[in-house]
Amino acid sequence: MSEKNVTENFITQIINADLSSGKYSKVVTRFPPEPNGYLHVGHAKSICLNFGLAQDYQSVCHLRFDDTNPEKESNEYAEAIKNDVRWLGFDWNDKEFHASDYFDQLYQFAEQLIEKKLAYVDDQSPDQIRKNRGDFTTPGVDSPCRNRSVEENMSLFRAMKAGKFADGTKVLRAKIDMQSGNLNMRDPVLYRIRRLQHIKTGDAWCIYPMYDFTHCISDAIEGITHSLCTLEFEDHRPLYDWVLDNVDIDCHPQQIEFSRLNVSYTITSKRKLNQLVESKVVDGWNDPRMSTLSGMRRRGYPPEAIRNFVKDVGVSKKESVISMTVLEDAVRDVLNKTSPRVMSVLRPLKVVIENYPEGKVEMLTGSNHPQDESYGTRKIPFSRVIYVEQDDYKENANRKFFRLTEGREVRLRHAYYITCQEAIKNEEGQVIELRCTYDPESRGGTADGRKVKGTIHWVSAAHAEEVEVRLYDRLFNHPKPASVDHFMDSINQNSLEVIPNALLEPGITAHNEDVVYQFERNAYFKRDRTYEQGKPIFNRVVTMRDSWAKSELQSES
RNA sequence: UGGGAUGUCGCCAAGUGGCUAAGGCACCAGGUUUUGAUCCUGGCAUUCGCAGGUUCGAGUCCUGCCAUCCCAGCCA
């Protein structure tokens, strides 16, 4: 991968052309969330694009809160958004702005439009406005208020601002074209009356500007060069340009649309995400299964992995759904390089090593990372009674099974060769214990040139720590849950499996509480810091590739 | 049926008329390995939504058709 944050795409081509033609000498971008919810993967694409572009062009990206609708906005969301952007690895320095910073200027520009006979106050009800807008095949009908005089419009608009009218009784509209094929151009509403506390301006205003009027002007005021947004705003671009063309401002940013990021088996709609939270299907907005940045953070996804993922996926105008495997691969790629290795047995099966002295404890040395010596080594206690994974024993196993079965010898990771002598069953016929013997000469290497196919992990019974482990799987069964009629019906009922008493080698939970570990031969896990009572909890970040399990699955079917 | 957009391998995505259509993920086959992980090697679109046309030459240009997505908030 190149050192660039953003790989070449149609937007960088536009920027390069603008730079070489001399249209701009620097680029300024912006990430403009409305503080009315939590950020999710989809936002990650916009963040990485806008901030990444700014870095690539030695420039700046503004963080601008699009706070023009006090109805759903809160400071709590704004703080969470800032936290998430920082976590993702980006910084806006002192370039934090709010659309509300421009309310005065916006108001002046609105009066300008009135003076230019390009805006008017409309008395129609929302219902009448909707009816008169027409539809795809029917042209709109001019409002009876459309030809009010400049003076009348001005005094009416000032009266709106002064709070002389009730909420919803009047709006300021742009006078464009009620016949336009683009419904956004059929005299769009510019200002509405709404008596609500605003997170920044309190009750200073009772009229609030609409997105289409605010966004372009905010961009222009801040000197944004390239205003990047998602595809659904394509139809708004003519209006974006109309406003800037008709208002006295000497900056005209270019709006460029790209396709949203959709990931298979996930949902990013704010409404639906909220439904998951409200119905308690998940454990809050930061549930490790959520597509929110806070969820991915809690899950243990490294921010670098998300950045790499977004970069891998690219930027285009094609509507797409990226397979979750691409995200998982990006997560594994980072984790493989950065996670210390550790041994943990999730589903324990007792093993007694008959020829190992009772009461003896050896401290064996294990490397913390097989490919990176800088991670060092650690001491792991070994004794007569250990636990291995239930899956690592199979009765009457064939030659392809490299693990334990009667008479077969395997390597215990970082320890000795053991041979399974006997499996002890309970009354129901389940194997509850293995009797094995070990080869004292086999510690640390092949003693006599004997090779074993399998190496399995283990923990010493007397030393292991009990931990709770949570195994997460995709939240939905359907690859495009957003496309089904009732998305709640496609929820994967097995998206969380709790293992209350897994066993972890000692010495791990006492320190480095936020590192992601690889439980060898198993998966990556990160300590859940939202629960502090009781035994330590580990969330599974992502599984490892498992070609054995895959081939087993195939041979079954 | 109005307006706006998009169609290149299972999923993304390069390609801007001229060598045999990049790359990643997935998948398949081997090799290394004290993780059936990692790593390494090889395979994986005679063809670019379809049909015509222009051209010595077209995924790239033209015409027509088809498919999909977005738009009728005083949301963003």
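The sequence lines fix the lettering, A, B, ..., with proteins before strands; numbering per chain opens at 1. Note that these values count all heavy atoms, side chains included, but never hydrogens, waters or copies made by symmetry.
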Checklist entry - Given the C1' atoms of B:A22 and B:U8, what is the spacing between them in whole Å? => result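 Here B:A22 and B:U8 have their C1' atoms 12 Å from each other.
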Item to check | Gap in Å between the two C1' atoms, one belonging to B:C62 and one to B:U54, rounded | outcome: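 After rounding to an integer number of Å, I get 7 Å for this pair.
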Closest approach to the side chain of [X], judged atom by atom: which nucleotide of [options] is it?
X      : options             : value
A:V171 : B:U35, B:C74, B:U8  : B:C74
A:R413 : B:C75, B:U34, B:U6  : B:U34
A:T455 : B:C12, B:U34, B:G73 : B:U34
A:S323 : B:U1, B:C12, B:G10  : B:G10
A:K317 : B:A37, B:U6, B:C12  : B:U6
A:L183 : B:G10, B:A37, B:C71 : B:C71
A:I129 : B:C74, B:U34, B:C12 : B:C74
A:V326 : B:U34, B:G24, B:U35 : B:G24
A:Q371 : B:A37, B:C74, B:C75 : B:A37
A:D312 : B:A72, B:G24, B:C25 : B:G24

Whole-Å gap separating [atom2] ([N]) and [atom1] ([X]):
X      : N     : atom1 : atom2 : answer
A:R341 : B:U35 : CZ    : P     : 11 Å
A:W458 : B:U34 : CH2   : C1'   : 12 Å
A:Y77  : B:C75 : OH    : C1'   : 15 Å
A:R545 : B:G24 : CZ    : C1'   : 12 Å
A:L228 : B:A76 : CG    : P     : 20 Å
A:Y265 : B:C12 : OH    : P     : 13 Å
A:D392 : B:U34 : CG    : C1'   : 14 Å
A:K550 : B:A29 : NZ    : C1'   : 13 Å

Item to check | Ring-base stacking, A:F136 with B:U1 (5.5 Å, 30° cut-offs) | outcome: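 According to the criterion (under 5.5 Å, under 30°), no, A:F136 does not stack.
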Checklist entry - Would you say A:Y211 stacks on B:A76, if stacking means ring centres under 5.5 Å apart and planes within less than 30 degrees? => result no
Item to check | 5′-ward residue of the pair A:S259/A:K318 relative to RNA chain B | outcome: A:K318
Checklist entry - Relative to the 5' end of RNA chain B, which residue comes earlier, A:G181 or A:Y524, by the nucleotide with the nearest heavy atom? => result A:G181
Taking [X] first and then [Y], would you say they form a salt bridge - that is, a charged N and a carboxylate O separated by under 4.0 Å?
X      : Y      : answer
A:D329 : A:R332 : no
A:R341 : A:E505 : no
A:D56  : A:K4   : no
A:R64  : A:D101 : no
A:K317 : A:E234 : yes
A:R237 : A:D241 : no

Checklist entry - OP1 or OP2 of B:C11 less than 4.0 angstrom from a side-chain nitrogen or oxygen of A:S264, does that happen here? => result no
Checklist entry - Do any side-chain nitrogens or oxygens of A:R192 fall under 4.0 Å of OP1 or OP2 in B:C75? => result yes
Item to check | Passing option when A:Y191 is tested against A:Y120, A:Y208, A:F157, A:Y211 for ring pair (Phe, Tyr, Trp, His ring centres under 6.0 Å) | outcome: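 Of the listed residues A:Y120, A:Y208, A:F157, A:Y211, the ring pair (Phe, Tyr, Trp, His ring centres under 6.0 Å) partner of A:Y191 is A:F157.
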Checklist entry - Nearest heavy-atom pair of A:A523 and A:T543: which atoms, and what distance? => result CB-CA, 3.7 Å
Checklist entry - Taking atom types as modelled and ignoring hydrogens, do the side chains of A:E222 and A:Y102 form a donor-acceptor contact shorter than 3.5 angstrom? => result yes
Item to check | For A:S374, all residues meeting side chain to side chain donor-acceptor pair (under 3.5 Å), sequence neighbours excluded | outcome: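 Result, side chain to side chain donor-acceptor pair (under 3.5 Å) vs A:S374: A:D372.
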Next on the checklist: Among residues 230-241 of chain A, which ones have heavy-atom contacts with RNA chain B below 4.0 Å?
Outcome noted: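 RNA chain B contact set from residues 230-241 of chain A: A:E232, A:F233, A:E234, A:D235, A:H236.
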Item to check | Side-chain donor/acceptor contact of A:R521 with base of B:G36 under 3.5 Å | outcome: no
Checklist entry - Given the side-chain rings of A:F382 and A:H414, with only the six-membered ring counted for Trp, is the space between their centroids under 6.0 Å? => result no
Next on the checklist: Quick check on the 6.0 Å ring-centre criterion: do A:F525 and A:F519 meet it?
Outcome noted: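 For A:F525 and A:F519, the ring centres are under 6.0 Å apart.
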Give every pair of a protein N or O atom and an N or O atom of nucleotides 65-69 of chain B that lie under 3.5 Å apart, one pair per line with the distance.
residue: B:C69; atom: O2'; partner: A:E319; partner atom: OE2; Å: 2.6

Checklist entry - If pairing requires Watson-Crick or G-U wobble contacts with both distances under 3.5 Å, which nucleotide is the partner of B:C65? => result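 When the pairing criteria are applied, B:G49 turns out to be the nucleotide that pairs with B:C65.
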